[in-house]
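Down below is the structure, laid out as structure tokens.
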Amino acid sequence: MKRILVGVFLQMVYTVFCLAESNIGVLQASHTGYSGADDVYQLWGWNILRYYYYLYRHLFVDYPWVVRVAYGVILVSCLGFAVIFCIMGVHVYLRRRNAKRKAWIKDRYFDKLKAIVHEEVENLSTEEISRRMEYKPRKWKTWEMRLWSEVLVELSLYTNVQNPNLTNIQRVMKLIGFTDYVERQLILGKRKDKVALMQAVRLTNMQLPDSIVASLVNDKDIRLRKATRLYYMCTNKEEPYMFLEESSIQNTAFSIWDKMELHEIFRKIREGGRPVPLFVPLLQKTEATSKVVFFMHEIAYWGTDQEVKYLFSYFDSPNFLCRNAAFACMGIRRFDEAEEVMLGLFYKQTEILRRSILNALLAIGSGIRVHFFADVYENSVSNYTKRTALRCLWLYNDEGRNIFLRLKVKASSENQILFEHVENPIINNESL
């Protein structure tokens, strides 16, 4: 199809230029000039475009409108194809240019930067850093600074960015001019660029002036506002979680990416020795089920034992998702105090919730629930639940595996497939 369009386009161009050459001497207008030497009329400037426009218009004046529209569509399509081809060429050039420059930056500086951020002396002078980097002062272009942001984010993986005394990496950013670039862009740059920069700032733990942060935490763009508040949560020590406790959280949707970012932030905060927020008040004031489930899982990962015990109140919640999440959280935390409580509620639950309890008991791994798993297998009416109980026996301990093998010997031919499923390492997964 592309070859046909290109062929038609070239034929039209050839026809137009042939007509132009044959009729050029006939065109007369006040805005043309006559050359006696060449015995032709000469056109210049916009008159050339006007000439070809009128030529094209009169060339097809005798054709039906359907033909004229068809020729117009073909011509526009060919021109559009040419424009798109040029745009694609520019994009390919820019990608290759950026990749080449980023590779040059990493080859020249990255290993030296890793040595600097691993240095035991955390307050190296700017002159010493410059000497170790063998850095020659230069003015980096805007697109080069964007590449530097990627390099610095990658560099932050090699250090604890929650350490408040990370002066070396801060001075590296000042030395190359990245700090000044970020501050200038956050004030004067485009909003879409600000979002990406705020994420880079948070990942590198750059220290921004309070005035800049204050102007962005309530920005009308929700993405920029979220990014700034996440940065505020990581760096502020006076009241880092005040935005989580605002009533506006009820009206703010948490995407999957937001939940991933919050979980990663809480992990870094915990590793940095700082306290994570109190999740129980957040649970109490949150109404959206998805947010409740998210904060319940965060309690399982980062909360105190008292907060985990608070999740017991969700074992009899009328909300199915919250009840299921509460049982799952006991397994995530491996909270052995919940075993007896969940066993007492087991036969009051639906099959899905029973499987959640079985998986939680497997994760807790106290080693004393072997016979309970066997009883569930023998008394359950759901093959899925039977298979989950067998999987728990198989993975629990040696005693559980022995009971699994004895049950397999006594199993009927219809139930043998359940044992084969569990014994197969490829498909022995709760989700299959």
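Side-chain contact check for Arg369 versus Leu343: some heavy-atom pair is nearer than 4.5 Å. Between Met173 and Trp148 there is no side-chain heavy-atom pair separated by less than 4.5 Å. Side chains of Glu399 and His371 form a contact here, defined as non-hydrogen atoms less than 4.5 Å apart. A 4.5 Å side-chain heavy-atom check between Asn383 and Arg387 finds every atom pair outside the cut-off. Two residues are said to be in side-chain contact when any heavy atoms from C-beta on lie closer than 4.5 Å; Asp305 and Arg333 meet this criterion.
Of the residues listed (Arg225, Arg223, Lys226), the one engaging Asp258 in a salt bridge (charged side-chain N to carboxylate O under 4.0 Å, His left out) is Lys226, and it is the only one. Considering Val213, Ile212, Leu208 in turn, Leu208 is the only one that fulfils the side-chain contact (heavy atoms from CB on, under 4.5 Å) rule with Met198.
Around OH of Tyr347, the count of heavy atoms belonging to other residues, nucleotides or ligands within 6.0 Å exceeds 12. Within 6.0 Å of CZ on Arg68 lie more than 12 heavy atoms contributed by other residues, nucleotides or ligands. Annotation for Ile256: atom CD1 does not count as buried by contact number, only 12 or fewer foreign heavy atoms lying within 6.0 Å. Atom CZ of Arg334 sits in a sparse spot, with 12 or fewer heavy atoms from other residues, nucleotides or ligands closer than 6.0 Å. The neighbour count for Ile417 CD1, taken as heavy atoms of other residues, nucleotides or ligands under 6.0 Å away, does not exceed 12. By the 6.0 Å contact criterion, CZ on Phe320 is enclosed, its count of non-hydrogen atoms from other residues, nucleotides or ligands being greater than 12. Counting heavy atoms of neighbouring residues, nucleotides and ligands inside a 6.0 Å radius, atom NZ of Lys112 exceeds 12 of them. By the 6.0 Å contact criterion, CZ on Arg138 is enclosed, its count of non-hydrogen atoms from other residues, nucleotides or ligands being greater than 12.
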Output a table of donor-acceptor pairs, distance under 3.5 Å, between side-chain atoms of residues 295-304 and any protein atom two or more places apart or on a different chain; print 'none' if there are none.
from   : atom 1 : to     : atom 2 : distance (Å)
His297 : ND1    : Val293 : O      : 2.8
Glu298 : OE1    : His263 : ND1    : 3.2
Glu298 : OE1    : Trp302 : NE1    : 3.0
Glu298 : OE2    : His263 : ND1    : 3.0
Thr304 : OG1    : Glu307 : N      : 3.3

Below 3.5 Å, can you tabulate the donor-acceptor pairs from side chains in residues 176-188 to any protein atom, sequence neighbours excluded?
none

Passes side-chain hydrogen bond (donor to acceptor under 3.5 Å, both in side chains), Ser366 versus Asp336? Steps please. CA-CA 7 Å; Ser366 62; Asp336 54 3; over 6 Å; no

Side chain to side chain contact (heavy atoms under 4.5 Å, CB included) between Leu407 and Leu393: does it pass, once the steps are laid out? CA-CA 10 Å; Leu407 291 173; Leu393 281 173; 3.9 Å; yes

Using side chain to side chain contact (heavy atoms under 4.5 Å, CB included), reason through Tyr231 and Leu216 one step at a time and then give a plain yes or no. CA-CA 11 Å; Tyr231 167 79; Leu216 297 177; over 6 Å; no

Could you give me the CA-CA distance, side-chain angles and deciding distance for Lys220 and Arg191, then say whether side chain to side chain contact (heavy atoms under 4.5 Å, CB included) is met? CA-CA 10 Å; Lys220 63 180 181 179; Arg191 185 168 278 107; 3.7 Å; yes

Does Ile84 form a side chain to side chain contact (heavy atoms under 4.5 Å, CB included) with Phe81? I'd like the steps, not just the answer. CA-CA 5 Å; Ile84 293 174; Phe81 176 78; 5.8 Å; no

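Using a 30° and 60° split on the angle between ring planes, Tyr135 and Tyr109 fall in the tilted class, from 30° to 60°.
One finds the CG atom of Leu358 at 9.5 Å from the CE atom of Met342 (value rounded to the nearest 0.5 Å). Going from atom SG of Cys329 over to atom CG of Leu311 covers 5.5 Å, rounded to the nearest 0.5 Å. In this structure, the separation between CG on Asn98 and CG on Leu94 is 6.5 Å, given to the nearest 0.5 Å. Here NZ of Lys386 is found 10.0 Å from CD of Glu351. Values are rounded to the nearest 0.5 Å. The distance from atom CZ of Arg202 to atom CD1 of Ile265, rounded to the nearest 0.5 Å, is 4.5 Å. Atom CG of Leu353 sits about 10.0 Å away from atom CZ of Phe346, to the nearest 0.5 Å.
Residues that satisfy the side-chain contact (heavy atoms from CB on, under 4.5 Å) test with Trp257, not counting sequence neighbours, are Gln199, Ser255, Met260, Glu261. Remark: Lys106 engages Glu154 in a side chain to side chain donor-acceptor pair (under 3.5 Å) (not counting sequence neighbours). With sequence neighbours excluded, the residues that form a side-chain contact (heavy atoms from CB on, under 4.5 Å) with Ser412 are Glu414, Asn415. With sequence neighbours excluded, no residue forms a side chain to side chain donor-acceptor pair (under 3.5 Å) with Thr228.
Using a distance-only test at 3.5 Å, with no hydrogens or angles considered, a donor-acceptor pair links the side chain of Ser156 to the main chain of Leu203. For Asn424 (side chain) and Glu420 (main-chain N/O), no donor-acceptor pair under 3.5 Å exists by modelled atom type. When atom types are taken as modelled, the side chain of Asn168 and the backbone of Val117 share no donor-acceptor pair closer than 3.5 angstrom. A donor-acceptor pair is defined here as one N or O able to donate and one able to accept, closer than 3.5 Å; no such pair exists between the side chain of Ser130 and the backbone of Glu127. With hydrogens and angles disregarded, no donor-acceptor distance shorter than 3.5 Å links the side chain of Thr286 to the backbone of Leu283. A distance-only check finds no donor-acceptor pair linking the side chain of Arg171 to the backbone of Thr126 [under 3.5 Å]. Formation of a donor-acceptor pair under 3.5 Å by the Asn402 side chain with backbone atoms of Asp398 is found in this model. Judged by distance alone, the side chain of Arg229 and the main-chain N or O of Val217 form a donor-acceptor pair under 3.5 Å. Proximity of a side-chain donor or acceptor of Gln207 to a complementary backbone N or O of Asn205 within less than 3.5 Å is detected. Side-chain N or O atoms of Ser380 include none that pairs as donor or acceptor with a backbone N or O of Tyr377 at under 3.5 Å.
The pair Arg267-Glu264 meets the salt-bridge criterion, with a side-chain N (NZ, NE, NH1 or NH2) lying under 4.0 Å from an Asp/Glu carboxylate O. Ion pairing between a basic and an acidic side chain is recognised when a charged N comes within 4.0 Å of a carboxylate O; Arg132 and Glu128 show such pairing.
The side-chain tip of Lys259 does not point at the ring of Phe254 from less than 6.0 angstrom away and within 45° of straight on. Under the 6.0 Å distance and 45° angle rule, Arg391 does not count as a cation-pi partner of Trp394.
Aromatic ring centroids of Tyr396 and Phe372 lie 6.0 Å or more apart.
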